[in-house]
Visitor: 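Starting off with a structure, shown below.
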Protein chains: 2
Amino acid sequence: MAETRRKPGPRRALTEREIVDAALALLDAGGAEAASIRRIAAAVGVAPNAVYTYFPDKAAVERALVERILEDVQAPAEGDWRPAVEALAIGLRSRLVAHPGAVPLMLGGPMDGPHALRLGELLLDLLAASGLDAASAARASYTLMVYVLGAAALEVADGPPGPLPPEAERIAARHAALGEVPAQAFPRTAAATGVMATWVGTEQFLWGLRRVLDGLEAAAK
Amino acid sequence: MAETRRKPGPRRALTEREIVDAALALLDAGGAEAASIRRIAAAVGVAPNAVYTYFPDKAAVERALVERILEDVQAPAEGDWRPAVEALAIGLRSRLVAHPGAVPLMLGGPMDGPHALRLGELLLDLLAASGLDAASAARASYTLMVYVLGAAALEVADGPPGPLPPEAERIAARHAALGEVPAQAFPRTAAATGVMATWVGTEQFLWGLRRVLDGLEAAAK
DNA sequence: ACCTGAACACCGTTCAAGT
DNA sequence: ACCTGAACACCGTTCAAGT
């Protein structure tokens, strides 16, 4: 991780991408607090303030980080709109939960970068074939983004800083959580915690996604 | 805001609630960065480290803040389950958007405080009358929380730190955003931005909520 | 028991100076 | 043009000392 320090000089020693990649690696390994400007600079072998040659402030680095993650959400295969929308949602979610520290950054600011726009446009394209009128398709697309981002945020919220533990461990954590819910005061919550421990991650996400899509599809008469 | 400084002494000068209320006021006025331990301490007239007599660390203050906000989400009136669930969702959303700075705190950690449990239990109670079996009701309740929290997060994301501007101003901001979407590269996004500017806040929230509820209701056969 | 001042190890950001 | 060291105004948190 500790790269060799470059010689000072008038020529550009780094690229924006190197900086963003270093930031993402720190974020993945140690969560939000590990991705400080000072640590990013150290990781790329440069003084802290050198970063400001590439980005105006930390918020700009974070925006670039979000775009970096959205960059390789792949477009779904051709075909019926519903499976295509599902595939897009699944792809986006999996990118998000692979980078838990980035989820608050994504939810925390407007998503107006080129890759965010590309995915939004793609989603609207797919929904155009759903039978929804243009206004409903716009609202449906927003509703779907709310669901995908919200699901990722809740999924990532309980976890530690750094990477998400494997599913088996997360199920065990749910069972432990079950034991801590006061069952006589909150009987349904205790029961529900048990239910939620049987599925974790993708399967729960898919169940909800399909209910949302059912509701949206029904609105297309 | 600057309270008179209390005399030092062995007796408890503050309550947890005073500290949390001060934190909430700072958060509402100036966003997350205004709600630092040091500024909270100054607001209640105490040295920064005195806060650690009441809370073990900043995360504990934030958890108490979240609970403070959930505290006065009122239970919906008796009646059919669907309007009651809608009322609960609307009430929760309105509390969240009234405190934009608190939304990332809510999404950022597990919601396991007493008031979070109370609302979750209430939601499960209402869903028990929906015709969903217990397992589906648990998943439906989770899906609804994802929607409500996700919607609040996206709604609050574009805004400035501090209180959310009035709706008229937010609609104007959407129209400004419309002008910035490159319409030839992203034609559907540009059109959708126009649609989204006609409704803002509550109405968009309700539209999506009803689609989600439609999908959940359909799952009850 | 509760509070204080002082300190520690950090932040993001700015600025004048070097190459 | 790009980088540096140094500084500024902050953080959260700890600790020994006062009452």
Side-chain angles (χ1 to χ4, degrees), chain A residues 1-20 22-24 26-27 29-66 101 104-105 108-109 160-161, chain B residues 1-20 22-24 26-27 29-66 101 104-105 108-109 160-161:
Chain A
M1 280 296 153
E3 321 244 329
T4 57
R5 170 162 257 123
R6 275 123 177 132
K7 293 209 203 81
R11 276 292 131 235
R12 205 147 238 249
L14 273 51
T15 60
E16 278 95 350
R17 176 163 271 263
E18 282 180 272
I19 293 172
V20 171
L24 184 54
L26 287 165
L27 190 70
E33 74 185 16
S36 71
I37 293 285
R38 294 175 107 105
R39 294 204 214 184
I40 294 166
V44 296
V46 113
N49 47 2
V51 174
Y52 293 88
T53 308
Y54 299 83
F55 296 95
D57 52 28
K58 197 193 186 187
V61 179
E62 292 173 347
R63 281 194 298 272
L65 205 54
V66 166
L105 303 182
Chain B
M1 278 300 151
E3 321 243 330
T4 58
R5 171 160 256 124
R6 275 124 175 130
K7 291 208 204 81
R11 276 291 132 235
R12 205 149 236 248
L14 273 51
T15 61
E16 278 94 349
R17 176 163 270 263
E18 282 180 273
I19 293 171
V20 171
L24 184 54
L26 287 165
L27 190 70
E33 75 185 13
S36 71
I37 293 286
R38 295 176 105 105
R39 294 204 215 184
I40 295 166
V44 295
V46 115
N49 48 359
V51 174
Y52 293 88
T53 308
Y54 298 84
F55 296 95
D57 53 26
K58 196 192 185 186
V61 179
E62 292 173 347
R63 282 194 298 273
L65 206 52
V66 167
L105 303 181

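Here is how names work: the chains are called A, B, and so on, in the same order as the sequence lines, proteins then strands, and each is numbered from 1.
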Visitor: Is the phosphate of D:dC11, meaning OP1 or OP2, less than 4.0 Å from a side-chain N or O of B:Ser36?
Guide: yes
Visitor: With nearest nucleotide decided by heavy atoms, which residue, A:Glu33 or A:Pro56, maps closer to the 5′ end of DNA chain C?
Guide: A:Glu33
Visitor: Which atoms form the tightest heavy-atom contact between A:Ala64 and A:Phe55, and what is the distance?
Guide: CB-CE2, 3.9 Å
Visitor: Just name whichever nucleotide pairs with C:dG12, Watson-Crick or G-U, keeping both distances under 3.5 Å, else none.
Guide: D:dC8
Visitor: Quick one: which of D:dT14, D:dT4, C:dT4 gets closest to the side chain of B:Val46?
Guide: C:dT4
Visitor: Select base, sugar-phosphate, or nothing to describe what B:Tyr54 touches, counting heavy atoms under 4.0 Å on all strands.
Guide: sugar-phosphate
Visitor: For A:Glu16 and D:dC2, give me the distance from atom CD to atom P, rounded to whole Å.
Guide: 10 Å
Visitor: Tell me, yes or no, whether the heavy-atom count around A:Glu16 atom CD, taken from other residues, nucleotides or ligands under 6.0 Å, exceeds 12.
Guide: yes
Visitor: Can you check the B:Phe55 CZ to D:dT13 C1' distance for me, whole Å?
Guide: 16 Å
Visitor: Under 3.5 Å, is there a donor-acceptor pair between the side chain of A:Tyr54 and the main chain of A:Leu14?
Guide: yes
Visitor: What is the separation between atom CD1 on B:Ile19 and atom P on C:dC2, rounded to the nearest whole Å?
Guide: 12 Å
Visitor: Using atom CZ of B:Arg38 as one end and atom P of D:dC10 as the other, report the distance to the nearest whole Å.
Guide: 10 Å
Visitor: Figure out the NZ/P separation between A:Lys58 and D:dC10, and round it to whole Å.
Guide: 18 Å
Visitor: Side chain of A:Ala50, heavy atoms from C-beta onward: which of C:dC2, D:dG12, D:dC3 has the nearest atom to it?
Guide: D:dC3
Visitor: For D:dC11 and B:Arg39 - does any side-chain N or O of the residue sit under 4.0 Å from the phosphate oxygens OP1/OP2?
Guide: yes
Visitor: The side chain of B:Arg12 is closest to which nucleotide in this list: C:dT13, D:dC3, C:dC2?
Guide: C:dC2
Visitor: Take atom CD of A:Glu18 and atom P of D:dC3, then tell me their distance rounded to the nearest Å.
Guide: 11 Å
Visitor: Looking only at side-chain atoms of A:Thr53, point me to the closest of D:dT13, C:dT14, D:dC2.
Guide: D:dC2
Visitor: Looking at A:Ile40 and A:Ala35, what are the two nearest heavy atoms and their distance?
Guide: CD1-O, 3.8 Å
Visitor: How many whole angstroms separate atom CD1 of B:Ile40 from atom P of D:dC11?
Guide: 10 Å
Visitor: Of the nucleotides C:dT13, D:dC3, C:dA7, which one has an atom closest to the side chain of A:Ala13?
Guide: D:dC3
Visitor: Any side-chain heavy atom of B:Arg63 sitting closer than 4.5 Å to one from B:Leu105?
Guide: no
Visitor: Can you check the B:Tyr52 OH to D:dC11 P distance for me, whole Å?
Guide: 11 Å
Visitor: Name the pairing partner of C:dG18, where a pair is Watson-Crick or G-U wobble with both distances under 3.5 Å, or state none.
Guide: D:dC2
